2 protein chains.
Amino acid sequence: MSDTRSRLLTAAADALRDDGVAGISARVIAARAGVNQALVFYHFGTVSELVAAATRDAVDARLELYRNDFAQVESLPELLHLGRALHEREREVGNVRMMAQLMAGAQQDAALATAGRYAMQAWSDEVEAVLRRVLAPSPIAVIADPAGLARAVSASFIGIQLYDGVDAAGAGAGLDALEQLGVLVEVVDELGPIARRALLAKVRKQRRRAKSDSAV
Amino acid sequence: MSDTRSRLLTAAADALRDDGVAGISARVIAARAGVNQALVFYHFGTVSELVAAATRDAVDARLELYRNDFAQVESLPELLHLGRALHEREREVGNVRMMAQLMAGAQQDAALATAGRYAMQAWSDEVEAVLRRVLAPSPIAVIADPAGLARAVSASFIGIQLYDGVDAAGAGAGLDALEQLGVLVEVVDELGPIARRALLAKVRKQRRRAKSDSAV
DNA sequence: GTCTATAAGATGATAGAC
DNA sequence: GTCTATCATCTTATAGAC
């Protein structure tokens with residue numbers, strides 16, 4: 001890949017992270033890359049397409065970096081611990097911050113929307129694989145949908161990152177609370193047979209209720 | 001309050017919701033309000049200040065509208081149900097969509113940051129009050145920090161709303177998963193005394209671990 | 001592939017008429 | 001308070017020299 005092309009890609013990702021969707025432009029990116037502004041359009045057609053390609057690459061690179069860590073997770077507490085560590089590291093590197101800006105821009109821009117969908121999919125799939133493995137031996141597997149849960153977790157990360165940008169203390173308290181709640185899942189994991197049966201009965205009841213709700 | 005002022009305020013909130021932070025400008029807002037562009041600066045000084053004031057008002061109005069619903073919640077399943085209904089209604093009205101754009105812009109703009117902090121605080125406080133009431137009789141009260149949990153929930157809502165904008169099916173699956181997970185909490189609520197003691201022991205263990213982690 | 005130059009328009013913000 | 005007119009500056013995007 002040409003030097004200029006890759007310089008523009010990393011510059012675009014950096015600019016999105018630091019200046020936000022509202023502050024991004026061909027000139028800002030080009031200045032960061034140390035190249036001429038016209039090259040944005042020569043190589044990528046539009047600013048949106050450049051940003052979309054840049055975030056795509058950045059997400060791929062980041063996930064590659066974490067793949068090993070994800071693979072080594074064997075239990076839910078370990079997963080929660082990894083989530084916390086990931087948040088801390090990402091706060092410095094700014095990848096989630098970049099994704100949050102991508103998602104915000106994606107609401108009104110078709111090219112960014114495609115990139116945003118890709119990014120969420122990539123992260124969610126990774127988390128889903130871990131959840132599927134970790135929850136398999138647990139009775140929680142009966143009620144938890146790994147795919148949905150992974151998507152909820154990924155989306156929540158974006159929200160918490162945005163919150164972190166305006167109130168770090170508040171966002172920290174939120175993460176702490178979620179981590180503490182993980183204990184709850186552990187406890188259910190070690191439930192006796194009677195309680196386990198009660199759990200299953202409740203799940204079935206809730207399922208029926210949800211079904212009749214959607215029918216109305 | 002003058003007619004023009006209030007027209008600008010609602011127009012600013014609408015523009016933020018529909019056009020996003022990246023698409024907002026004094027001219028766009030003024031056109032929506034049907035007034036001259038110069039009045040933005042006469043009444044509010046800067047565009048950011050106008051947007052900040054507009055979101056502040058919108059959040060106050062929305063919370064006022066939901067106050068009754070919040071007050072009537074008596075159990076966790078009811079709270080989860082309200083959360084789902086709120087998400088559906090807000091998807092149409094677009095208040096959370098507006099807040100998501102506010103939070104994205106708040107990362108780089110001081111005036112928007114203040115407004116974002118206020119908005120998150122207002123929603124979190126409301127949710128916190130309900131959580132405190134609902135969780136009080138439950139053994140979960142021991143592990144759950146209502147303030148932190150409320151903040152996590154509010155932030156997650158923002159993230160899921162952004163996700164909803166690029167992949168409605170994925171966001172829906174995420175919400176479904178969270179709702180199903182609520183069953184877990186219900187089960188713990190009806191735990192026997194032995195299991196309850198096991199829960200408390202685990203919590204204490206986790207607390208110690210967290211403390212030693214932060215010491216390192 | 002990279003540059004300069006430039007078009008055609010949008011932006012925040014202000015001065016001054018009314 | 002509201003308007004017109006205007007500023008300097010920014011934007012995307014293209015044409016054409018090198």
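In what follows, chains are A, B, ... by sequence order, proteins preceding strands, each numbered from 1. Predicted model only: the values in this text are computed from it and were never measured.
Between the side chain of B:R67 and the main chain of B:E126, no donor-acceptor pair closer than 3.5 Å is present. Under a 3.5 Å cut-off, the side chain of A:S124 and the backbone N or O of A:Q121 do not form any donor-acceptor pair.
Residue B:V47 is in sugar-phosphate contact alone, with no base atom involved, counting any heavy-atom pair closer than 4.0 Å across all strands shown.
Ion pairing between a basic and an acidic side chain is recognised when a charged N comes within 4.0 Å of a carboxylate O; A:R32 and A:D18 show such pairing. In summary, B:R151 and B:D125 engage in a salt bridge, as defined by a charged side-chain N under 4.0 Å from a carboxylate O. A salt bridge links A:D176 with A:R84; the closest basic N to acidic carboxylate O contact falls under 4.0 Å.
A straight line from CG of A:L8 to P of C:dG1 spans 12 Å, rounded to a whole angstrom. One atom, CD1 of A:I24, and another, C1' of C:dA10, lie 18 Å apart when rounded to the nearest Å. Atom CG in B:D109 sits roughly 17 Å away from atom P in C:dT11 (whole-Å rounding). Spacing between atom CG of B:L39 and atom C1' of D:dT2 amounts to 5 Å, rounded to whole angstrom units. Put simply, CG on B:L50 is 11 Å from P on C:dA13, counting in whole angstrom units. Taking atom CG on A:D19 and atom P on D:dT11, their separation rounds to 10 Å, with Å as the unit. Put simply, CZ on B:R5 is 11 Å from P on D:dT2, counting in whole angstrom units. Between the OH atom of A:Y42 and the C1' atom of D:dA17 there is a distance of 15 Å, given to the nearest Å.
Of the candidates D:dT11, C:dT11, C:dG1, the closest approach to any side-chain atom of A:H43 belongs to C:dG1. Listed candidates were C:dG12, D:dC3, C:dA13. Nearest to the side chain of B:A26 is C:dG12.
Nearest-nucleotide positions on DNA chain D place B:G34 closer to the 5' end than the other of B:G34 and A:F41.
Between the CD atom of A:E90 and the CE atom of A:M98 there is a distance of 9.0 Å, given to the nearest 0.5 Å.
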All N/O pairs under 3.5 Å across the protein-nucleotides 4-8 of chain C interface:
{"unit_1": "C:dT4", "atom_1": "OP2", "unit_2": "A:N36", "atom_2": "ND2", "d": "3.0"}

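Listed pair B:S25 / C:dA10 fails the phosphate criterion, with no side-chain N or O lying under 4.0 Å from OP1 or OP2. OP1 and OP2 of C:dG12 both lie 4.0 Å or more from every side-chain N or O belonging to B:T46.
Scored by the side chain to side chain contact (heavy atoms under 4.5 Å, CB included) test, B:P139 finds B:V188, B:D189, B:R196, B:L199 as partners (sequence neighbours excluded).
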